[in-house]
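Heads up: the structure comes next, in structure tokens.
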Amino acid sequence: MSAAYHAFRQHGDHISKFYITTPIYYVNSVPHIGTAYTTIMSDILARWHRLAGDDVFFLTGTDEHGEKVAKAASANGESPKEFTDRISVKFIDVWKKLNISYDRFIRTTEAEHTKTVDRFVQLLSDSGDIYKGEYAGWYCVPDETFLTELQLVNGRCPECGREVKWVKEEAYFFRLSKYKDRLLEYYKSHKDFLSPEFRSKEISNRVEGGLKDLDITRISVDWAIGFQPDPKHYIYVWIDALTNYLTGIDWPDGEKFKEFWPADVHVVGKEINWFHSVIWPAMLMSAKIELPRKVFAHGWLTVAGEKMGKSKGNAIDPVQLADKYSADALRYFCAREISFGRDGDFSEAKLVERINNELVADLGNFLNRVVTMAEKFDGKIEGEPELEGKLDLDGIRKSMDELDTLSALDTIWKFLGELNKYVNDKAVWKLEGKELSNALYNLLEGARIISILISPFMPDTAARMSEQIGVKLGTLKDCKFGEFNGKVSKKGFLFKKVDTKA
RNA sequence: AGCGAGGUAGGGUAGUCUGGAGUGCCCGUCGGGCUCAUAACCCGAAGACCGGUGGUUCAAAUCCACCCCUCGCUACCA
């Protein structure tokens, strides 16, 4: 987010809008730790902006067309419709478990979406950017899968190892090549568009190398949206998937579209960065629709140092983790351990380490010791703010504007450290009367502020914290020392220490 | 092959664009303090020729050149 935007928001009560999207997930497999990572990070950003008072729209959903889905369905003895209905619910369930606060869950099989695709194709066509040509490529007949030269393994299908066939078929193309210069121009004049910065370089370099027109239809695929101008053709992936961001806010005439477009950030994995940074903007230019403000490509997770994959059998189920350690612990880990944008490593041992050291020892223990002392005290808790200067709220804001959750949490934990230190330095347990009241005032106000600041990361923990302090969970505006008027009541630990000896 | 990223104490990272004492964070190790608290909290210390070589500069982790190692991308794996 730009400095200008930031300054703007700090003046007066103007409410900014914030439209954030995750990729839509392909339903041929259930959510794994990688999918969960993308969605959790997006949710944290969405919640942060709500906390800051922005009007937020957060979109996620599932990508449900394609031959692989049709195949998976028939392998299960189901129709594609039955299959996608069933699997998409699994995604919804997982997001519920992980406390994902999306505003809309879109499915590309919705009737609304077909309308979007039809209109969108019409616009591209109106701009003269669609033409009929011939697609040629490798095709695995039994798998019904199109393959690129590079995907082949020893000239055979990477999935089943069988021979592939060189096929040619009539297809419609989008004039992607036409947009090379305009794209490069756009990247240049909108420095924040592609991030992190190194991705921007990566994309610019590749675009400079030239763009090939893109085949957008197929004949031999039929679990897909029809191509209106020529009914024997079907839309092949690109347009179908990318336009979900428009359908999600009721393009072209809906109120939501008017309020929320352009998207403020498309959060994507690095593997689909190309589609969002090149193909999508080019198509939007062709359709004469404003471009999104930012495409953020995050890195990938390895699992205990190894690349994750079905064949490796090391795919991690986020639901199991959430059941075992709580969704909040998992969410915290994602935001605290991995530099958003770079590749990171996930391992249960690291997760447990973070839980025991940071969530149990620093945070949970802090609340517990303060609440214990406060409960014993029967006077009125009031005093002078002594710790205000220890909180770098602007620093946290700035970090979050830069999507740097790691340093935002770092700064929050610094403040937490100051609170713990204050307990020791003042030997609060030895104080009495006015002095005790004053110390408790500072500690409880500190705890209250922390509960607000961590709420985007750990909504459940934040709620339980404010409940013990006996105050209503506030927003970013309330992150300053004021009058304390909570009623403290101890209600057990925020996090339980994980036994690592077992 | 091309393009990109990374190589910073025992491990993991930030800092590099906009050069200025090796500066920070998390874990681990060692010593001390405290006993309100979940064997938690607080303080202090040890530990790094910042991948290598050469160059620019009063000054280089940071800029330039070359080299070595690891990883990724190359057109739907989040």
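Lettering follows sequence order; numbering is per chain, from 1.
Using a 4.5 Å cut-off on side-chain heavy atoms (C-beta onward), H65(A) and I235(A) make no contact.
Nucleotides of RNA chain B nearest to N357(A) and K350(A) differ in position, and the one nearer the 5' end is that of K350(A). Take the nearest nucleotide of RNA chain B for N420(A) and for L359(A): the residue whose nucleotide is more 5' is L359(A).
Taking atom CD on E418(A) and atom C1' on C42(B), their separation rounds to 11 Å, with Å as the unit. The nearest whole Å value for the distance from the CH2 atom in W280(A) to the C1' atom in C76(B) is 15 Å. In this structure, D425(A) atom CG and U35(B) atom P are separated by 14 Å, rounded to whole Å. For K90(A) and A78(B), the NZ to P distance is 16 Å, given to the nearest whole Å. Protein atom CH2 of W274(A) is 10 Å distant from nucleotide atom P of A75(B), rounded to whole Å. If you take CZ of F366(A) and P of U35(B), they are 19 Å apart, rounded to a whole angstrom. One interatomic measurement links the two molecules: CG of D410(A) to P of G12(B), which rounds to 19 Å at whole-angstrom precision. Here A75(B) presents its P atom at 14 Å from CG of N273(A), a figure rounded to the nearest Å.
In this structure, F227(A) and Y172(A) have tilted ring planes: the angle between them lies in the 30° to 60° band. Using cut-offs of 30° and 60° for the angle between ring planes, the F174(A) and Y179(A) rings count as parallel. Note: Y186(A) and H190(A) have parallel aromatic rings, judged against thresholds of 30 and 60 degrees for the angle between ring planes.
Among the atoms of the strands shown, only primed sugar atoms or phosphate atoms (P, OP1, OP2) are found under 4.0 Å from some heavy atom of F275(A). Residue contacts shown for Y26(A) are absent, as no nucleic acid heavy atom lies under 4.0 Å away. Counting non-hydrogen atoms under 4.0 angstrom, V360(A) reaches a base of the nucleic acid. Using a 4.0 Å heavy-atom distance criterion, L494(A) is classed as a base contact. Residue contacts for K212(A): at a heavy-atom cut-off of 4.0 Å it reaches a base atom on one of the strands shown.
Between K426(A) and the phosphate of C36(B), there is no side-chain N or O to OP1/OP2 separation shorter than 4.0 Å. The side chain of K497(A) contributes an N or O atom lying less than 4.0 Å from OP1 or OP2 of A40(B).
In the model, Y25(A) has a side-chain atom that pairs as donor or acceptor with a side-chain atom of T39(A) under 3.5 Å. A side-chain N or O of S489(A) and one of K491(A) form a donor-acceptor pair less than 3.5 Å apart.
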Inset, instruction - Dot-bracket for RNA chain B, please, read 5' to 3', with Watson-Crick or G-U wobble pairs under 3.5 Å on both distances, ( ) within the strand, [ ] crossing, | other strand, . unpaired. - result: ((((((((.[[[[[)....(..]]]]].(((((.......))))).....[[[[[..)....]]]]])))))))....
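Separation of the C1' atoms belonging to A48(B) and U35(B) is 37 Å when rounded to the nearest angstrom.
Around the CD atom of E375(A), the shell of radius 6.0 Å holds more than 12 heavy atoms that belong to other residues, nucleotides or ligands.
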